[in-house]
Enquirer: 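Mind looking over this structure? Questions follow.
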Protein chains: 2
Amino acid sequence: MEPKQSSQRYKISKAMLERIPKYYYYIKELKRRGEEYISSAEVATALRLNAIQVRKEFAEVSSVAGKPRIGFRIDTLLKDMEVFLGYNNIDEVIIVGAGRLGQALMFYDGFQKYGFNIVAAFDNNPKLFGMTFNEKPVLDIKELPQFVQRMNIQMAIIALPKQYTQEVANLLVDAGIKGILNFSQRFLEVPEDVVVQDINIVATLAILARNMKKKQDNR
Amino acid sequence: MEPKQSSQRYKISKAMLERIPKYYYYIKELKRRGEEYISSAEVATALRLNAIQVRKEFAEVSSVAGKPRIGFRIDTLLKDMEVFLGYNNIDEVIIVGAGRLGQALMFYDGFQKYGFNIVAAFDNNPKLFGMTFNEKPVLDIKELPQFVQRMNIQMAIIALPKQYTQEVANLLVDAGIKGILNFSQRFLEVPEDVVVQDINIVATLAILARNMKKKQDNR
DNA sequence: TAGATTGTTAATCGATTAACAATC
DNA sequence: TAGATTGTTAATCGATTAACAATC
């Protein structure tokens with residue numbers, strides 16, 4: 001038995017899990033500009049976050065202690081964050097729904113860069129069968145269970161903003177999918193061992209509108 | 001001086017602001033099925049949330065007290081949540097980027113149903129100028145400032161998963177936009193009075209992968 | 001060296017959960 | 001009526017922020 005893996009060395013809050021990518025993409029940008037070192041203090045200022053929080057989370061994520069007066073080596077820190085975020089593991093992902101959203105996702109090459117490999121999309125529209133978008137084929141949704149099992153795929157993206165989503169979720173779960181990214185507004189009922197992450201665009205827009213109003217009222 | 005408006009009758013946590021839409025879409029589904037009343041307890045069970053929390057938040061959002069043994073009238077509760085989420089105010093929104101993601105958004109009619117009116121998309125690709133998607137025109141990004149000012153538009157969606165995002169954000173801010181929904185991975189620097197809401201698809205997928213791993217480790 | 005920045009423990013703050021009386 | 005469900009106050013829990021000694 002090997003020792004316990006990286007996970008759960010320390011407790012990770014949901015909030016922290018959402019901040020790490022923000023640090024990551026910001027620092028990545030600095031690297032692009034040729035920077036070599038970054039201090040937690042600078043990141044906090046730039047991203048308008050609390051300095052102590054950033055410091056603490058850098059300490060948790062980093063494999064190497066930061067140096068007073070200098071900060072963290074950007075290359076090392078980015079690698080550590082990649083490990084933390086799992087960008088180094090390659091995960092294969094399927095998309096259900098080859099409509100406009102599904103197509104947009106197939107063309108989005110951000111996935112590949114961060115360890116996600118979109119292998120195929122599934123749809124029930126025969127007109128789409130056999131088409132490829134960005135070299136990713138669209139297959140008949142009837143083939144999904146076999147495909148998922150044969151390739152041992154764990155993750156799926158539901159890109160059907162309309163109906164069928166629960167039905168599709170059931171299909172995915174039965175096929176063995178363990179994680180679903182859900183772009184629909186509907187709540188998905190899944191067994192205990194399956195994880196769902198929702199992206200609700202309209203709800204996010206509504207939250208934005210609400211925050212705007214709050215800001216205006218507070219002046 | 002008029003009395004303080006609806007906002008800030010009670011403190012609203014970010015977490016609560018993300019839960020209300022979940023309640024809303026679930027209850028909406030019940031309405032579709034012909035239900036008339038719903039109890040906070042049932043919602044909690046269905047959505048796997050803490051019953052006390054749901055009860056408390058229903059009490060905060062609802063204009064009418066729930067009735068013991070019966071719960072809340074669905075019609076009333078939905079309306080109250082619509083007010084809370086601002087689905088009754090009509091907000092006009094522009095999209096910057098008429099690529100695949102932008103097109104998918106133009107075709108997404110969830111917006112209209114919840115009070116958001118996509119009025120146009122802007123791009124710098126002349127081939128797209130004059131085209132319409134779902135009756136929404138694509139205009140030259142050079143026309144953006146004038147358009148925004150003339151129509152007094154407050155909200156914009158940045159659907160350029162690639163570069164240019166900071167540049168575009170600056171343009172939007174200068175034109176008078178007060179809220180930005182940002183689909184790019186880049187952190188946007190904006191003035192104090194502008195609100196940004198990020199949707200980072202890759203980061204969300206990474207969080208999903210991490211949650212999956214955690215669940216597997218815990219067994 | 002001096003002091004900017006680190007890592008970490010302790011204090012505060014806010015959100016979640018428990019408890020319970022009120023009531024349809 | 002009885003009891004399921006409500007609204008609300010108090011207790012707990014967790015996350016954020018403050019404080020400060022360590023150090024490159």
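Worth saying up front: this structure is predicted, and the values here are computed from it rather than measured. Computed from heavy atoms alone, side chains included, the values below leave out hydrogens, waters and symmetry copies. Each chain gets a letter, A, B and so on, in the order the sequences are listed, and its residues count up from 1.
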Enquirer: Strictly by Watson-Crick or wobble contacts shorter than 3.5 Å, is anything paired with dA19(C), and which nucleotide is it?
Expert: dT8(D)
Enquirer: Just compare dA19(D), dC24(D), dT6(D) and give me whichever is closest to any side-chain atom of I52(A).
Expert: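 Ranking dA19(D), dC24(D), dT6(D) by closest atom to the I52(A) side chain puts dA19(D) first.
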Enquirer: Is R55(B) near enough to dA19(C) that one of its side-chain N or O atoms lies under 4.0 angstrom from OP1 or OP2?
Expert: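 So the side chain of R55(B) is outside the cut-off, no N or O lying under 4.0 Å from OP1 or OP2 of dA19(C).
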Enquirer: In this structure, are over 12 heavy atoms from other groups packed under 6.0 Å from E35(A) atom CD?
Expert: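 Yes.
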Enquirer: Just wondering, do Q103(A) and M106(A) contact through their side chains at under 4.5 Å, heavy atoms?
Expert: yes
Enquirer: Given that K67(B) and E57(A) both sit by DNA chain D, which one's nearest nucleotide is further toward the 5' end?
Expert: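 In this pair, the answer is K67(B).
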Enquirer: CD of E18(A) versus C1' of dA15(D): gap in Å, rounded?
Expert: 14 Å
Enquirer: In terms of the nearest nucleotide of DNA chain C, which residue is placed more toward the 5' end: V64(A) or K56(B)?
Expert: V64(A)
Enquirer: What contact category does Y37(B) fall into here, base, sugar-phosphate, or nothing, at under 4.0 angstrom with non-hydrogen atoms?
Expert: nothing
Enquirer: Could you state the CD-P distance from E60(B) to dT6(D), rounded to the nearest angstrom?
Expert: 15 Å
Enquirer: For a quick check of understanding: with a heavy-atom distance under 4.0 Å over all strands, which category does A51(B) fall into, base, sugar-phosphate or nothing?
Expert: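 Answer is nothing: A51(B) stays at 4.0 Å or more from every strand.
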Enquirer: Can you measure L49(B) atom CG to dA15(C) atom C1' for me and round it to whole angstrom units?
Expert: 14 Å
Enquirer: State which of dG7(D), dC24(D), dT6(D) makes the closest approach to the side chain of P68(A).
Expert: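 That would be dC24(D).
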Enquirer: Using OP1 and OP2 only, check whether a side-chain N or O of N50(A) sits under 4.0 Å from dT17(D).
Expert: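 Yes.
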Enquirer: What is the distance from CD of Q53(A) to P of dG7(C), rounded to the nearest Å?
Expert: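 Whole-Å distance recorded here is 15 Å.
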Enquirer: Round to a whole Å and report the spacing from CZ of F58(A) to P of dT8(C).
Expert: 16 Å
Enquirer: Of all the choices, dT16(C), dT5(C), dC24(D), which nucleotide is nearest to the side chain of I70(A) once you look at every atom?
Expert: dC24(D)
Enquirer: Between dT6(C), dG7(D), dG3(C), which nucleotide has the shortest distance from any of its atoms to the side chain of F72(B)?
Expert: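 Taking heavy atoms from C-beta onward, the closest nucleotide is dG7(D).
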Enquirer: If the plane angle is over 60° it's perpendicular, under 30° parallel, otherwise tilted; pick one for Y87(A) and Y24(A).
Expert: perpendicular
Enquirer: With a 6.0 Å cut-off on ring centres, are Y114(A) and Y25(A) close enough?
Expert: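 So the answer is yes for these two rings.
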Enquirer: If I take atom CD1 in residue I38(A) and atom C1' in nucleotide dT5(C), what distance separates them, rounded to the nearest angstrom?
Expert: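 Interatomic distance, CD1 of I38(A) to C1' of dT5(C): 12 Å.
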Enquirer: Using OP1 and OP2 only, check whether a side-chain N or O of S40(A) sits under 4.0 Å from dT6(C).
Expert: yes
Enquirer: What's the CZ-P distance between R48(A) and dT16(D), to the nearest Å?
Expert: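 Going from CZ in R48(A) over to P in dT16(D) covers 19 Å.
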Enquirer: Nearest 0.5 angstrom please: Q197(B) CD to I201(A) CD1, how far?
Expert: 12.5 Å
Enquirer: Can you measure R69(B) atom CZ to dA4(D) atom C1' for me and round it to whole angstrom units?
Expert: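 Answer to the nearest Å: 5 Å.
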